Amino acid sequence: IKEIQKKKNRQALPILSEDQFLNIQEKIHVVYQAKENINVEYFYNGEIKKIFGNISYINVQEKTIYINKTKLHFCQILNVF
């Protein structure tokens with residue numbers, strides 16, 4: 001029953017404006033250079049999730065970041081705090 005409810009609650013990937021996307025990228029780079037922790041809201045498998053931690057690596061070519069060994073594509077990231 002929980003699986004059925006989860007599938008019903010899935011949503012489409014929210015679309016960000018280019019300004020929002022660029023703002024998020026800038027915040028990520030500032031936090032990474034300062035070696036501070038970051039709180040990220042991201043989209044995964046029909047759900048919006050959150051992760052908190054330190055950015056260990058940014059791959060600009062693949063447009064991915066690693067937070068606590070979790071790989072996120074920039075297009076998955078909805079907001080940063």
Side-chain angles (χ1 to χ4, degrees):
I1 296 175
K2 285 184 181 181
E3 266 314 303
I4 293 170
Q5 284 179 332
K6 245 185 173 178
K7 286 182 182 180
K8 282 185 178 182
N9 290 335
R10 285 191 179 156
Q11 50 187 305
L13 174 65
I15 305 296
L16 300 179
S17 71
E18 189 165 340
D19 285 343
Q20 289 173 309
F21 185 73
L22 293 174
N23 189 24
I24 288 170
Q25 282 187 354
E26 183 180 334
K27 286 180 184 177
I28 287 170
H29 286 285
V30 168
V31 169
Y32 179 67
Q33 289 177 344
K35 297 183 180 178
E36 296 176 351
N37 286 329
I38 191 167
N39 206 345
V40 176
E41 189 175 67
Y42 66 99
F43 186 80
Y44 178 76
N45 202 21
E47 297 180 47
I48 295 174
K49 298 186 174 220
K50 292 182 181 179
I51 188 170
F52 177 80
N54 200 310
I55 300 171
S56 57
Y57 181 67
I58 297 176
N59 187 326
V60 178
Q61 291 176 335
E62 290 184 13
K63 298 182 181 177
T64 57
I65 66 170
Y66 291 82
I67 301 173
N68 304 338
K69 299 183 181 179
T70 300
K71 180 181 179 179
L72 297 174
H73 292 272
F74 284 156
C75 64
Q76 289 178 273
I77 298 170
L78 304 175
N79 206 350
V80 293
F81 312 96

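Since this is a predicted model, take the numbers as computed values, not measurements.
Ring-plane geometry between Phe74 and Phe21 is classed as perpendicular, the angle between the planes exceeding 60 degrees on a 0 to 90 degree scale with a lower cut at 30.
Rounding to the nearest 0.5 Å places CD1 of Ile28 at 6.5 Å from CD1 of Ile58. Rounded to the nearest 0.5 angstrom, Lys71 NZ and Tyr66 OH are separated by 4.0 Å. Atoms CD1 and CD1, on Ile51 and Ile67 in that order, are 5.5 Å from each other to the nearest 0.5 Å. Rounding to the nearest 0.5 Å gives a distance of 11.5 Å between NZ of Lys63 and NE2 of His73. Separating the CD1 atom in Ile77 from the CD atom in Gln25 is a distance of 8.5 Å, to the nearest 0.5 Å. Taken from NZ in Lys49 to OG1 in Thr70, the straight-line distance is 10.0 Å, to the nearest 0.5 Å.
Atom CD of Gln20 has more than 12 heavy atoms from other residues, nucleotides or ligands within 6.0 Å. For Phe81, the CZ atom counts as densely surrounded, since its 6.0 Å shell holds more than 12 non-hydrogen atoms of other residues, nucleotides or ligands. For Glu36, the CD atom is densely surrounded, since the number of other residues' heavy atoms within 6.0 Å is greater than 12.
Between Glu41 and Ile48, some side-chain heavy-atom pair lies under the 4.5 Å cut-off. A heavy-atom distance below 4.5 Å is not found between the side chains of Asn45 and Glu47.
In the hydrophobic clustering of this structure, Val80 does not group with Leu13; members are Ile, Leu, Val, Met, Phe, Trp, Tyr whose side-chain heavy atoms approach within less than 4.5 Å, directly or through other members. Hydrophobic clustering (side-chain heavy atoms under 4.5 Å, transitive across Ile, Leu, Val, Met, Phe, Trp, Tyr) groups Val60 together with Ile55. Under the 4.5 Å side-chain heavy-atom criterion for ILVMFWY residues, no single connected hydrophobic cluster contains both Leu16 and Phe43. Taking hydrophobic clusters as Ile, Leu, Val, Met, Phe, Trp and Tyr residues chained together by side-chain heavy-atom distances below 4.5 Å, Ile65 does not share a cluster with Tyr57.
Taking each heavy atom of Phe52 and Asn37 in turn, the nearest pair found is CZ-CB, 3.5 Å. Taking both residues in full, the closest heavy atoms of Asn59 and Gln61 are given as OD1-N, 3.1 Å, listed atom of the first, atom of the second, then distance.
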